[in-house]
Amino acid sequence: MKRYPFERHYLKLQCGHRMHYLDEGSGPILLMLHGNPTWSFYYRNLVLGLRDQYRCIVPDHVGCGLSDKPERWSYGIRDHTDNITDLLTTLDLRDATLVVHDWGGAIGYLAATRTPDRFRRFITFNTAVSLLPLPRILTMLRSRILGSLIIRGLNGMVRAGLLSSALHGHRFHRDVRAGYLAPYDSWAHRIALLRFVQEIPLEANHPNRTLLDDLVSRLEQFTLLPHLIVWGLKDPIFHRDYLAAWRRQFPGADVHALADASHWVVEEAHERILPLVQEFLTRTDCFIT
């Protein structure tokens with residue numbers, strides 16, 4: 001793939017499925033976790049810009065990107081976290097910087113609370129672990145019939161992401177659009193996109209409410225570690241109240257709010273984000289033992 005010039009690596013997970021991941025460069029470790037409905041392609045520009053100084057580990061969650069896409073698997077957030085923990089321990093990643101977006105935030109921070117000794121700093125892009133109001137359309141998309149039709153039948157999640165960016169002035173080259181669409185080329189290959197939506201705890205009795213409440217209560221242990229937060233303020237999903245929640249959670253964080261960027265902030269503003277990430281990493285390298 002022209003815009004994805006990386007060697008492919010695969011890990012046979014304890015769950016029995018294969019996880020694809022990038023392992024580019026050498027030096028301090030950056031673990032980059034994507035969300036829904038993207039894949040490791042989302043971080044390609046950061047990898048290209050950082051691999052001369054850092055080791056960039058970028059997995060595709062099971063069901064996403066170039067990883068296995070089994071029809072029969074739970075696709076629960078706990079299970080995705082198990083897979084990331086498996087990757088951390090198998091590759092023995094230490095003193096890592098966690099880089100997250102969308103569902104990668106909950107999965108990544110859950111993995112960090114399980115193995116806090118492996119992480120030294122954090123970079124956060126439009127994501128959430130706290131429970132705040134979300135667009136009503138997500139309720140419709142959780143329907144097994146209508147959600148399946150829109151997400152698995154029409155590839156609606158990826159197309160909606162591309163459309164949202166376009167509506168906010170970010171029209172991607174056709175190679176970029178093709179890159180996002182490529183792994184999700186059939187009904188069978190879009191199961192994770194639907195299951196991620198169904199994992200959003202909109203209902204009061206959804207099991208992930210307890211999971212995320214517990215996660216928030218354990219984030220205090222990272223308060224004194226370096227945090228960089230870069231936020232697209234035009235995000236229709238993770239609106240400004242979510243950014244305010246991150247500011248409260250990590251009051252010492254270095255925060256950059258981009259007025260013209262939306263949910264796919266790294267794709268839309270990578271030319272501005274790369275220097276911010278480089279400066280943050282250089283300034284905080286002293287935290288890496």
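For W73 and H80, the ring centers are positioned less than 6.0 Å apart. Taking the six-membered ring for Trp, F122 and Y109 have ring centres closer than 6.0 Å. Between Y42 and H34, the ring center distance fails the sub-6.0 Å criterion. Aromatic ring centres of F196 and Y75: separated by at least 6.0 Å. Annotation: W231 is not in aromatic contact with Y242 [ring centroid separation under 6.0 Å not met]. Aromatic ring centres of H227 and F250: separated by under 6.0 Å.
The shortest distance between side-chain heavy atoms of L258 and L233 does not fall below 4.5 Å. Residues D95 and I29 fail the side-chain proximity criterion, which asks for heavy atoms closer than 4.5 Å. Side-chain contact between I107 and N83 is absent, with no heavy-atom pair separated by less than 4.5 Å. For the pair L149 and I145, the minimum side-chain heavy-atom distance is 4.5 Å or more. Contact annotation: the side chain of H20 approaches that of S40 to within less than 4.5 Å [non-hydrogen atoms, C-beta and beyond]. Contact annotation: the side chain of Y21 approaches that of L11 to within less than 4.5 Å [non-hydrogen atoms, C-beta and beyond].
In terms of hydrophobic clustering, with Ile, Leu, Val, Met, Phe, Trp and Tyr side chains grouped at heavy-atom distances under 4.5 Å, L146 and M157 are assigned to a common cluster. L194 and L154 fall into different hydrophobic clusters, where Ile, Leu, Val, Met, Phe, Trp and Tyr are joined by side-chain heavy atoms under 4.5 Å apart, directly or via other members. Linking ILVMFWY side-chain heavy atoms closer than 4.5 Å, directly or via other members, places L163 and V176 in two distinct hydrophobic clusters. Hydrophobic clustering (ILVMFWY, side-chain heavy atoms < 4.5 Å, transitive): W187 and I151 are in distinct clusters. Linking ILVMFWY side-chain heavy atoms closer than 4.5 Å, directly or via other members, places F238 and L132 in a single hydrophobic cluster.
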task: Might you work through the side-chain contact (heavy atoms from CB on, under 4.5 Å) test for S164 and W264, ending with a clear yes or no?
output: CA-CA 9 Å; S164 176; W264 287 11; over 6 Å; no
- request: For side chain to side chain donor-acceptor pair (under 3.5 Å), just list the numbers for D102 and H263, CA-CA rounded to whole Å, side-chain angles, deciding distance to a tenth of an Å, and then say yes or no.
  value: CA-CA 8 Å; D102 193 82; H263 185 60; 2.9 Å; yes
- request: Run the numbers on R190 and D185 for salt bridge (charged side-chain N to carboxylate O under 4.0 Å, His left out), then give the verdict.
  value: CA-CA 8 Å; R190 298 169 192 153; D185 57 355; over 6 Å; no
message: Using salt bridge (charged side-chain N to carboxylate O under 4.0 Å, His left out), reason through D79 and R195 one step at a time and then give a plain yes or no.
response: CA-CA 12 Å; D79 302 288; R195 288 292 294 114; over 6 Å; no
task: Could you walk me through whether R159 and L181 pass the side-chain contact (heavy atoms from CB on, under 4.5 Å) test, one step at a time?
output: CA-CA 8 Å; R159 295 185 186 282; L181 291 165; 4.3 Å; yes
- request: Step by step, work out the side-chain contact (heavy atoms from CB on, under 4.5 Å) result for L110 and T85.
  value: CA-CA 9 Å; L110 277 167; T85 305; over 6 Å; no
field: salt bridge (charged side-chain N to carboxylate O under 4.0 Å, His left out) between D82 and R114, intermediate numbers included
entry: CA-CA 10 Å; D82 289 343; R114 290 183 183 182; 2.6 Å; yes
query: What do the steps show when you test D285 against R120 for salt bridge (charged side-chain N to carboxylate O under 4.0 Å, His left out), and what is the final call?
result: CA-CA 9 Å; D285 272 341; R120 292 292 178 266; over 6 Å; no
field: R152/L193 under side-chain contact (heavy atoms from CB on, under 4.5 Å): CA gap, chis, key distance, verdict
entry: CA-CA 8 Å; R152 300 191 71 177; L193 309 188; over 6 Å; no
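Within a 6.0 Å radius of CZ in R209, other residues, nucleotides and ligands contribute more than 12 heavy atoms. Counting non-hydrogen atoms of neighbouring residues, nucleotides and ligands closer than 6.0 angstrom, the CZ atom of R171 reaches no more than 12 such neighbours. Other residues, nucleotides and ligands contribute at most 12 non-hydrogen atoms within 6.0 Å of the CD atom of E220. Counting heavy atoms of neighbouring residues, nucleotides and ligands inside a 6.0 Å radius, atom CZ of R8 does not exceed 12 of them. Within 6.0 Å of the CD atom in Q14, the count of heavy atoms belonging to other residues, nucleotides or ligands does not exceed 12.
Side-chain atoms of R3 never come within 3.5 Å of backbone atoms of G179 as a donor-acceptor pair (strictly under, hydrogens ignored). Without hydrogens or angle criteria, S165 side chain to L162 main chain gives no donor-acceptor distance under 3.5 Å. Between the T115 side chain and the R118 main chain, no donor and acceptor come within less than 3.5 Å of each other. The backbone N or O of D214 sits less than 3.5 Å from a side-chain atom of S217, completing a donor-acceptor pair. With hydrogens and angles disregarded, a donor-acceptor distance shorter than 3.5 Å links the side chain of N208 to the backbone of E199.
Here the shortest heavy-atom pairing between S67 and D60 reads OG-O, 2.6 Å. Here the closest heavy-atom approach between residue P59 and residue L31 is recorded as CD-CD1, 4.0 Å. Counting all heavy atoms, side chain and backbone alike, F280 lies closest to I123 at CE2-CG1, 3.7 Å. Between I200 and R142, the shortest heavy-atom distance links the atoms O-NH1, 2.6 Å. Considering every non-hydrogen atom in both Y43 and V99, the closest pair reads OH-O, 3.8 Å. Minimum heavy-atom separation, L212 to P201: CD1-CG, 3.9 Å.
Ion pairing of R272 with D260 is present here, as a side-chain N (NZ or NE/NH1/NH2) and a carboxylate O approach within less than 4.0 Å.
Put simply, CG on D235 and CG on N126 are 4.5 Å apart, with the number rounded to the nearest 0.5 Å. One finds the CD atom of Q278 at 9.5 Å from the CG atom of D52 (value rounded to the nearest 0.5 Å). Between the OG1 atom in T127 and the CD1 atom in I229 there is a gap of 10.5 Å [rounded to 0.5 Å]. Atom CD in Q198 sits 10.0 Å away from atom CG in L141 (nearest 0.5 Å). Between L30 atom CG and I57 atom CD1 the span is 9.0 Å, to the nearest 0.5 Å. Here the CE atom belonging to M19 is positioned 5.0 Å from the CG atom belonging to L13, to the nearest 0.5 angstrom.
Side chain to side chain, S262 and E268 meet the donor-acceptor criterion of an N or O pair below 3.5 Å. No donor-acceptor contact under 3.5 angstrom links the side chains of E24 and Y54, judged on distance only. When only modelled atom types and interatomic distance are considered, R121 and T97 share a side-chain donor-acceptor pair under 3.5 Å. Side-chain atoms of H61 and N36 include no donor-acceptor pair closer than 3.5 Å.
Aromatic ring orientation, W39 versus Y4: tilted (interplanar angle from 30° to 60°).
For the pair R44 and F41, the cation sits on the ring face: its NZ or CZ lies under 6.0 Å from the ring centre, inside 45° of the axis. A cation-pi arrangement is found for R18 relative to Y10, the charged atom lying closer than 6.0 Å to the ring centre and inside a 45° cone about the ring normal.
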